[in-house]
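What follows is one structure encoded as structure tokens, with my remarks underneath.
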Number of protein chains: 2
Amino acid sequence: MLKLTKKVDYALLALNLMAKAEEGGISNVRDIAALYSIPPEILAKVMQKLSKSGLIQSHSAPKGGYSLKIPAEEISVLKVLVAVEGPVGIVSCSDGTDKTCQQRGQCDIRSPLEKLQNNILWFLEALSIRELGQEPAVLKGVTDGSSLFGQPLHHKG
Amino acid sequence: MLKLTKKVDYALLALNLMAKAEEGGISNVRDIAALYSIPPEILAKVMQKLSKSGLIQSHSAPKGGYSLKIPAEEISVLKVLVAVEGPVGIVSCSDGTDKTCQQRGQCDIRSPLEKLQNNILWFLEALSIRELGQEPAVLKGVTDGSSLFGQPLHHKG
DNA sequence: TTTATCGCAGACCATTTTAGTCTGTAATCA
DNA sequence: TGATTACAGACTAAAATGGTCTGCGATAAA
């Protein structure tokens with residue numbers, strides 16, 4: 001729960017690679033899949049969705065492949081997420097998925113949860129795939145809880 | 001994806017109700033389930049997990065039920081989440097779930113994603129079930145993206 | 001103009017997660 | 001002692017996810 005899907009992981013890896021490639025450089029599915037040990041058919045579908053969403057440009061030909069369609073700075077993690085998986089909502093009643101929520105009438109916690117959700121979405125929107133590929137030290141404050149809040153969180157791996 | 005499970009929803013609804021009840025007041029599973037149209041067996045299991053995690057106190061007897069074991073202010077959404085569903089991680093390699101990540105060797109986006117995750121966890125930890133039950137206007141800034149960032153996000157319901 | 005290389009499209013299946021059901025046990029109090 | 005509560009876990013159903021298979025279309029180089 002609260003977990004990114006593999007498809008999103010794959011999309012982020014691929015986009016990060018493309019962002020680091022030469023300006024307008026072309027990468028193809030087979031190569032990327034091989035590099036990251038991703039099933040090529042899966043990655044192919046993911047790339048097609050990114051293409052349909054206008055984040056990348058396809059070149060259907062020998063020596064073809066994909067290139068970024070918009071600058072890496074303008075491709076947010078949220079955009080990738082929505083492109084690959086559709087609307088995001090930590091509560092079903094907020095993303096159009098659940099039209100028949102049984103708790104709707106009595107629910108008195110929706111508003112705060114939606115605000116929480118907005119914060120998460122804001123972070124996802126604020127983080128671009130350009131920043132994704134940079135070293136931690138280079139990341140801006142928004143991606144770094146410790147600098148924003150003084151209290152870093154430590155987790156067990 | 002990135003969605004809270006129903007069990008977590010149920011737990012939050014129940015805890016919110018208990019937080020609003022009298023100090024030390026006792027609520028039983030049947031009543032809560034009826035109020036929110038939740039299958040009682042499901043809610044029962046959720047409550048048992050909350051009890052095992054020390055968030056609530058059980059009273060196994062007629063007119064018994066559950067009461068908060070620690071103040072509502074100290075019960076964070078993150079605590080509830082972990083109690084009900086176990087460790088949280090937006091990427092599998094960070095919560096101990098995926099020991100055999102195929103991308104591990106080549107992955108160059110893990111560090112920023114983990115920082116993103118830390119931010120999300122921080123928000124989940126910062127929001128208590130006490131605040132969950134309060135009116136939006138009363139919520140502290142941390143739960144309100146618009147006040148923190150100037151730009152509210154709007155979604156379709 | 002043929003052909004290899006690429007993306008496009010969608011049906012299909014397997015696995016995992018989530019949600020919910022069923023059955024029975026144990027504790028407590030009136 | 002029996003009604004009422006929580007405790008425990010096996011079990012099934014449904015949904016989401018991950019992955020496979022097959023065939024088609026576009027392009028550019030040979």
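Residue numbers begin at 1 in each chain, while the letters A, B, ... track the order of the sequences.
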Problem set entry | Non-neighbouring partners of Lys6(B) that pass salt bridge (Lys or Arg N to Asp or Glu O under 4.0 Å), sequence neighbours left out | Asp98(A)
For this session: Taking salt bridge (Lys or Arg N to Asp or Glu O under 4.0 Å) as the test, write out the residues that go with Lys7(A), two or more places apart.
Result: none
Go through the structure and list residues passing side chain to side chain donor-acceptor pair (under 3.5 Å) with [X], not counting sequence neighbours.
| X | value |
| --- | --- |
| Gln103(A) | none |
| Gln106(B) | none |
| Lys20(B) | Asp108(A) |

Exercise. 5' to 3' on DNA chain C, which nucleotides open and close the contacts with chain A (atom under 4.0 Å from a heavy atom)?
Worked result: dA4(C) to dT18(C)
Problem set entry | Interatomic spacing from CG in Leu43(A) to CE in Met47(A) - rounded to 0.5 Å | 5.5 Å
Side chains of residues 29-37 of chain A: which donor-acceptor partners sit under 3.5 Å, not counting sequence neighbours?
from	atom 1	to	atom 2	distance (Å)
Asp31(A)	OD2	Asn28(A)	ND2	3.0

Exercise. For residues 5-16 of chain B, which residues have at least one heavy atom under 4.0 Å from DNA chain C?
Worked result: Thr5(B), Lys6(B), Lys7(B), Tyr10(B)
What is the distance, to the nearest angstrom, from the [atom1] atom on [X] to the [atom2] atom on [N]?
| X | N | atom1 | atom2 | answer |
| --- | --- | --- | --- | --- |
| Met1(A) | dT17(D) | CE | C1' | 16 Å |
| Leu2(B) | dA16(D) | CG | C1' | 14 Å |
| Leu43(A) | dT17(D) | CG | P | 18 Å |

For this session: Any salt bridge (Lys or Arg N to Asp or Glu O under 4.0 Å) involving residues 71-89 of chain A? Give me the pairs, sequence neighbours left out, ordered by first then second residue.
Result: Glu73(A)-Arg130(A), Lys79(A)-Glu125(A)
Under 3.5 Å, sequence neighbours excluded: what are the donor-acceptor pairs made by side chains of residues 53-69 of chain B?
from	atom 1	to	atom 2	distance (Å)
Ser53(B)	OG	Lys49(B)	O	3.1
His59(B)	NE2	Ser67(B)	OG	2.9

Exercise. With the sugar-phosphate defined as primed atoms, P, OP1 and OP2, and the base as all remaining atoms, what B/S/- string results for nucleotides 2-13 of chain D, 5' to 3', for protein heavy atoms under 4.0 Å?
Worked result: -BBBSBBBB---
Problem set entry | Residues forming a side chain to side chain contact (heavy atoms under 4.5 Å, CB included) with Lys45(B), sequence neighbours excluded | none
